[in-house]
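Structure first, then comments.
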2 protein chains.
Amino acid sequence: MARAATTSDAFNAVAEPRRRQILTYLAQRERPVGDIVIALSLDQPSVSKHLGVLRRVGLVRVRCDGRHRYYSTNAEAIRPLHEWTGTFERLWSRRLIRVKERAEKSFQSSESKSPNPIPKEES
Amino acid sequence: MARAATTSDAFNAVAEPRRRQILTYLAQRERPVGDIVIALSLDQPSVSKHLGVLRRVGLVRVRCDGRHRYYSTNAEAIRPLHEWTGTFERLWSRRLIRVKERAEKSFQSSESKSPNPIPKEES
DNA sequence: ATATTGCATTCTTATATGGGAATATGTCAA
DNA sequence: TTGACATATTCCCATATAAGAATGCAATAT
């Protein structure tokens with residue numbers, strides 16, 4: 001099997017730097033494609049294609065008005081990523097605390113040492 | 001140009017579902033490769049390759065002991081993703097508030113309407 | 001010394017890009 | 001109608017997988 005499509009989910013769509021820039025830009029307010037082209041110095045077909053990917057995974061919304069198409073970031077779609085990454089938060093925030101803990105205690109709680117099969121998803 | 005390498009950064013590395021599962025699994029405690037193979041029902045070469053990607057972008061750490069290699073998640077490397085996604089937090093948390101705001105006020109502040117070039121990075 | 005165990009690496013292949021160029025589509029203006 | 005303007009779509013292509021199979025290799029057990 002090859003790599004999953006960029007349109008398979010938000011994680012894949014957001015892996016592309018340009019698309020992240022676009023999302024950030026469109027977070028301020030909705031913008032027509034032309035503005036993105038100028039603001040990010042990309043050529044129009046590229047922007048349209050990136051927007052296509054973002055749209056398919058629901059990361060952006062479109063509002064048509066005449067020959068203009070106003071895109072805007074749909075933050076809700078980014079939320080799952082924030083939450084998944086957030087599950088590791090305690091690990092990085094505890095780092096400093098651990099140093100202190102080890103200085104005090106020094107016993108090993110022998111938790112389950114078996115490779116207990118993980119649930120279904122990584123969430 | 002083709003798609004960026006999965007090893008180019010944490011965003012790309014994490015785009016693969018299996019790698020996310022591995023990170024979640026290794027967040028509990030360090031584990032030898034064999035445990036991951038069993039826990040996630042993947043074949044060993046696959047796991048090794050995924051670990052290779054995760055290692056290159058610093059998402060996991062390795063500790064060698066005899067013929068075993070204990071891998072563990074390095075949460076610090078996930079932090080940037082959490083922070084980037086976090087920049088959109090106000091957008092999704094304000095949704096409910098906006099409904100209320102609109103009900104009260106109903107004026108349009110005409111902010112900058114030009115495609116002001118974006119800084120350098122999307123962070 | 002040899003077999004076994006625990007992992008990593010190599011090879012192959014079907015598949016999906018992302019950028020550039022060219023073109024198609026749709027809307028508004030004269 | 002004709003033309004300009006805003007976007008989308010299609011082609012081509014160099015590149016990078018991810019999974020499966022086979023193999024390499026170091027450490028340990030016998």
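Hydrogens, waters and symmetry mates are skipped; everything else that's a heavy atom, side chains included, is used. Chain identifiers are assigned alphabetically (A, B, ...) following the order of the sequence lines, protein sequences preceding nucleic acid strands; residue numbering begins at 1 within each chain.
- Remark: the A/Gln44 side chain and the D/dA6 base include no donor-acceptor N/O pair separated by less than 3.5 Å.
- Note: B/His82 and A/His82 have parallel aromatic rings, judged against thresholds of 30 and 60 degrees for the angle between ring planes.
- Regarding A/Ile36, its CD1 atom lies at a distance of 12 Å from the C1' atom of D/dA6, rounded to whole Å.
- Remark: A/His68 is not in phosphate contact with C/dT27, judged by side-chain N or O atoms under 4.0 Å from OP1 or OP2.
- Within the structure, a side-chain polar atom (N or O) of B/His50 is placed less than 4.0 Å from OP1 or OP2 of D/dA19.
- With C/dG20, D/dA8, C/dG19 as the choices, the nucleotide that has an atom nearest any side-chain atom of A/Glu16 turns out to be C/dG19.
- Applying the 4.0 Å criterion to OP1 and OP2 of D/dA26, one finds that B/Arg69 has every side-chain N and O outside that range.
- Toward the 5' end of DNA chain D, the nearer of the two residues B/Ala2 and A/Ala4, judged by each one's closest nucleotide, is B/Ala2.
- Checking side-chain atoms of B/Asn74 against main-chain N and O of B/Arg61 turns up no donor-acceptor pair under 3.5 Å.
- Straight-line distance from the CG atom of A/Asp43 to the P atom of D/dT10: 17 Å, rounded to whole Å.
- Each of C/dA16, D/dT7, C/dA8 was ranked by its minimum atom distance to the side chain of B/Tyr71; first place goes to C/dA8.
- In plain terms, the two heavy atoms of A/Ala75 and B/Phe88 that are nearest each other are CB-O, 3.8 Å.
- Distance from the side chain of A/Ala5 is smallest to C/dA16 among C/dA16, D/dA19, D/dA6.
- Side-chain atoms of A/Thr73 come within 3.5 Å of backbone N or O of A/Leu23 as a donor-acceptor pair.
- Between the CG atom of B/Asp35 and the P atom of C/dT5 there is a distance of 16 Å, rounded to whole Å.
- For B/Ser48, a side-chain nitrogen or oxygen approaches OP1 or OP2 of C/dA8 to under 4.0 Å.
- Annotation: of the two residues near DNA chain C, B/Arg55 and A/Thr6, the 5′-most nearest-nucleotide partner is B/Arg55.
- Among the atoms of the strands shown, base atoms are found under 4.0 Å from some heavy atom of B/Pro45.
- Distance from the side chain of B/Arg67 is smallest to D/dA27 among D/dA19, D/dA4, D/dA27.
- In this structure, CZ of B/Arg3 is placed 11 Å from C1' of D/dA18, rounded to the nearest angstrom.
- Distances from the side chain of A/Lys49 to the nucleotides C/dC7, C/dC11, C/dG20 place C/dG20 closest.
- In this structure, A/Asp9 atom CG and C/dT17 atom P are separated by 12 Å, rounded to whole Å.
- No donor-acceptor distance shorter than 3.5 angstrom exists from the side chain of B/Arg19 to the backbone of B/Val14, with no hydrogens or angles considered.
- Closest contact between the side chain of A/Arg18 and the listed nucleotides C/dG19, D/dT7, D/dA14 involves C/dG19.
- Within a 6.0 Å sphere centred on CZ of B/Arg56, heavy atoms belonging to other residues, nucleotides or ligands number 12 at most.
- For C/dG18, the OP1/OP2 oxygens have no side-chain nitrogen or oxygen of A/Ser46 closer than 4.0 Å.
- Heavy-atom nearest nucleotides on DNA chain D were determined for B/Thr7 and for A/Val47, and the one closer to the 5' end corresponds to A/Val47.
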